[in-house]
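Excluded from the calculations below are hydrogen atoms, water molecules and symmetry mates; all remaining heavy atoms, backbone and side chain alike, are included. Below, chain A is the first sequence line, B the second, and so on; all start at residue 1.
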There are 2 protein chains.
Amino acid sequence: MASPTGARGNGRSSASRLTSLVHPPSLVTLAADAIRKKILAGEYGPGERLLEERLTEELAISRPPLREALRTLENEGLIETRQRRGSFVSTLTDKDVYEILTLRSTLERMAFELGIPVKDPALLGPARAALLDMEQSAREEDRGALVQAGYAFHYALVGIADHQRLNQTYASVQRQLLLCMARNLIAREMYYEDLENHVARHRYLLELVESGDREAALAELAVHGERSFEKAAPPASEETG
Amino acid sequence: MASPTGARGNGRSSASRLTSLVHPPSLVTLAADAIRKKILAGEYGPGERLLEERLTEELAISRPPLREALRTLENEGLIETRQRRGSFVSTLTDKDVYEILTLRSTLERMAFELGIPVKDPALLGPARAALLDMEQSAREEDRGALVQAGYAFHYALVGIADHQRLNQTYASVQRQLLLCMARNLIAREMYYEDLENHVARHRYLLELVESGDREAALAELAVHGERSFEKAAPPASEETG
DNA sequence: CTATCGCATCTTGTAGACAAAATGCAAGAG
DNA sequence: CTCTTGCATTTTGTCTACAAGATGCGATAG
């Protein structure tokens with residue numbers, strides 16, 4: 001710490017969006033990003049206990065910033081913290097998956113209802129960029145990258161509403177959806193679908209959005225997410241832990 | 001601080017919902033509740049800087065739990081934290097109000113779409129109880145209590161969907177709406193509306209929900225919240241800070 | 001008189017240490 | 001042999017202290 005070599009600033013690799021343009025990201029942000037990544041990568045299994053001491057030595061930070069990071073992840077729904085018991089990676093039940101999928105669908109519809117017709121053409125930029133990523137991933141037959149680009153595409157689509165809280169809520173839901181996928185809790189038929197067809201559906205959706213036909217876009221969105229839904233268990237009034 | 005007079009266990013007065021049945025609430029929870037209450041009560045004004053040291057002496061706790069509480073409030077949208085600058089009470093722009101109201105509307109519609117017809121009659125209990133509270137408040141002409149009961153009623157209505165994430169998100173939005181009200185950012189005509197009429201509208205809405213007629217309930221919900229909306233500025237593509 | 005630079009103060013970010021509570025195991029009684 | 005009870009260990013909750021960065025004021029030069 002005494003060395004002025006800036007050992008603090010090691011983690012400028014995947015720093016958060018805009019925070020790090022001038023500021024070195026705080027250890028809290030760094031820790032939250034790192035733990036979130038590990039959870040979504042499946043490195044920490046469902047229900048696994050997250051020992052603070054272990055995490056501190058893994059991340060080479062001390063407990064206060066770690067605890068703040070855990071508090072953030074708790075609010076994101078990725079971990080659950082029980083009094084005097086510690087933090088655990090969230091275990092998702094069928095009902096949780098149902099909740100995540102229904103909430104996602106509602107938020108996407110909301111974005112379309114508020115954002116179509118698109119007021120500022122610049123709002124479409126991210127979606128177009130994400131679609132390009134999808135097309136390239138499809139050409140390279142990189143299914144992992146395709147899935148990732150698909151998520152970015154959906155997030156960008158929600159962005160057309162120019163609605164910060166919607167964006168934030170949607171991002172949170174999407175993270176939990178990634179948690180589902182890490183657990184193989186969702187039928188990932190997209191993985192085995194024809195890649196070109198997959199991209200084509202997204203391209204068509206974007207074209208409808210661009211056309212300004214709100215109802216048509218909403219209709220396509222409904223069938224767009226349908227396959228994910230039919231695999232998800234309906235409420236069933238049970239909480240299969 | 002050196003005095004062992006048990007200054008630790010003072011705040012067992014208004015502990016959180018279920019946490020405190022056996023567990024003494026953590027200082028983090030206590031601090032978050034206390035600060036949230038003060039913010040919503042208007043004690044801390046918009047944009048006001050929240051000095052950690054000052055808060056620690058006000059709440060008689062030390063900085064680590066306070067910082068965790070602030071992190072929670074940040075995720076709730078009640079405060080904003082800037083790197084190395086500290087925490088500030090959120091300043092709501094017209095666009096923020098628009099976002100809060102539209103999101104609230106969407107979430108309520110979602111609750112109706114998923115929750116009507118009501119599957120388990122017990123889910124209606126809280127709404128009925130809240131309506132009774134509203135009726136009593138109206139009889140006593142206690143407008144403050146009526147408003148509060150109205151919020152509880154809406155929250156209970158959302159509860160019919162039996163959707164944890166929806167409940168949680170809605171609660172967060174509702175808190176921000178309370179922040180709007182504390183700032184007089186929303187036309188509170190409900191305050192000056194005929195009390196009986198106000199309660200009657202809510203009673204009618206609940207009756208429609210109970211009847212199982214989803215479309216009718218949704219239609220009534222649309223006009224129910226309409227008055228709040230017409231006062232809220234449309235996006236206007238400006239961010240009046 | 002005004003603008004700019006430098007310093008002092010304040011505030012946040014982080015670290016390490018102590019106390020309290022929960023868990024698991026072991027020992028003893030039934 | 002099984003259940004209960006007590007203790008030791010582990011882990012969380014909290015506190016105090018130190019370091020780094022930001023803000024505001026004052027002094028100085030133009």
Side-chain angles (χ1 to χ4, degrees), chain A residues 1-12 15-16 19-35 47-74 79-89, chain B residues 1-12 15-16 19-35 47-74 79-89:
Chain A
M1 240 7 119
S3 66
T5 62
R8 185 73 52 82
N10 282 341
R12 59 183 169 280
S16 54
T19 318
S20 65
L21 289 179
V22 288
H23 296 294
S26 73
L27 293 192
V28 177
T29 306
L30 253 13
D33 290 346
I35 299 172
E48 180 173 339
R49 189 173 187 179
L50 297 178
L51 280 303
E52 296 184 358
E53 187 186 357
R54 176 200 174 94
L55 290 176
T56 55
E57 56 192 29
E58 268 189 37
L59 302 173
I61 62 175
S62 101
R63 285 182 58 213
L66 171 70
R67 284 175 62 85
E68 290 183 39
L70 291 177
R71 191 71 62 177
T72 297
L73 296 176
E74 180 187 13
I79 68 173
E80 296 169 2
T81 301
R82 287 186 294 176
Q83 185 75 273
R84 288 273 177 195
R85 293 292 307 278
S87 302
F88 303 81
V89 177
Chain B
M1 274 319 159
S3 67
T5 62
R8 184 75 51 81
N10 283 341
R12 59 182 169 282
S16 56
T19 320
S20 65
L21 290 180
V22 288
H23 296 296
S26 75
L27 292 192
V28 178
T29 306
L30 251 15
D33 290 347
I35 298 172
E48 180 173 339
R49 190 173 186 180
L50 297 178
L51 280 302
E52 295 183 357
E53 187 185 358
R54 177 200 172 94
L55 290 176
T56 54
E57 56 192 29
E58 267 189 39
L59 301 174
I61 63 175
S62 98
R63 286 182 54 217
L66 171 70
R67 284 176 62 84
E68 289 183 38
L70 290 177
R71 192 71 61 175
T72 296
L73 296 176
E74 180 186 14
I79 68 174
E80 294 168 4
T81 300
R82 287 187 294 177
Q83 185 76 271
R84 289 272 176 195
R85 293 293 306 277
S87 302
F88 303 81
V89 177

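In this structure, the CD atom of B:E52 is 15 Å from the P atom of D:dT16, given to the nearest Å. Taking atom CZ of residue B:R82 and atom P of nucleotide C:dT11, one finds them 16 Å apart after rounding to whole Å. Between the P atom of D:dT11 and the CZ atom of A:R54 lies a distance of 11 Å, rounded to the nearest Å. Here the P atom of nucleotide C:dA19 and the CG atom of B:L27 are 17 Å apart, to the nearest Å. Between the P atom of C:dC10 and the CD atom of B:E57 lies a distance of 14 Å, rounded to the nearest Å. In this structure, B:R71 atom CZ and D:dG13 atom P are separated by 17 Å, rounded to whole Å. Following rounding to the nearest Å, B:I79 (CD1) and C:dT12 (C1') show an atom-to-atom distance of 13 Å.
With rounding to the nearest 0.5 angstrom, the CG atom of A:L50 is 11.0 Å from the CD atom of A:E80. For the atom pair CD of A:E68 and OG1 of B:T72, the computed distance is 9.5 Å after rounding to the nearest 0.5 Å.
With hydrogens and angles ignored, no donor-acceptor pair under 3.5 angstrom links the side chain of B:R85 to the base of D:dG21.
Applying the 4.0 Å criterion to OP1 and OP2 of C:dT12, one finds that B:R63 has every side-chain N and O outside that range. Residue A:Q83 places at least one side-chain N or O under 4.0 Å from the OP1 or OP2 atom of D:dG13. Regarding contacts with the backbone of C:dG13, a side-chain N or O of B:R67 is found under 4.0 angstrom from either OP1 or OP2.
Between B:L66 and B:I35, the closest side-chain pair of non-hydrogen atoms falls below 4.5 Å. Within the 4.5 Å cutoff, no side-chain heavy atoms of B:E74 are placed close to those of B:S87.
Listed candidates were D:dT11, C:dT14, C:dA21. Nearest to the side chain of A:R84 is C:dA21. Among the nucleotides D:dT11, C:dG16, D:dT16, the one closest to any side-chain atom of A:L51 is D:dT11.
Residue-level contact check: A:L66 touches neither bases nor backbone, having no heavy atom under 4.0 Å from any strand. Backbone-only engagement by B:L50 is indicated by non-hydrogen atom pairs under 4.0 Å involving sugar-phosphate atoms exclusively. Residue A:P65 is in sugar-phosphate contact alone, with no base atom involved, counting any heavy-atom pair closer than 4.0 Å across all strands shown.
A donor-acceptor contact shorter than 3.5 Å is absent between the side chain of B:R67 and the backbone of A:P65.
Both B:R49 and B:E68 lie near DNA chain D, and the one whose nearest nucleotide falls closer to the 5' end is B:E68.
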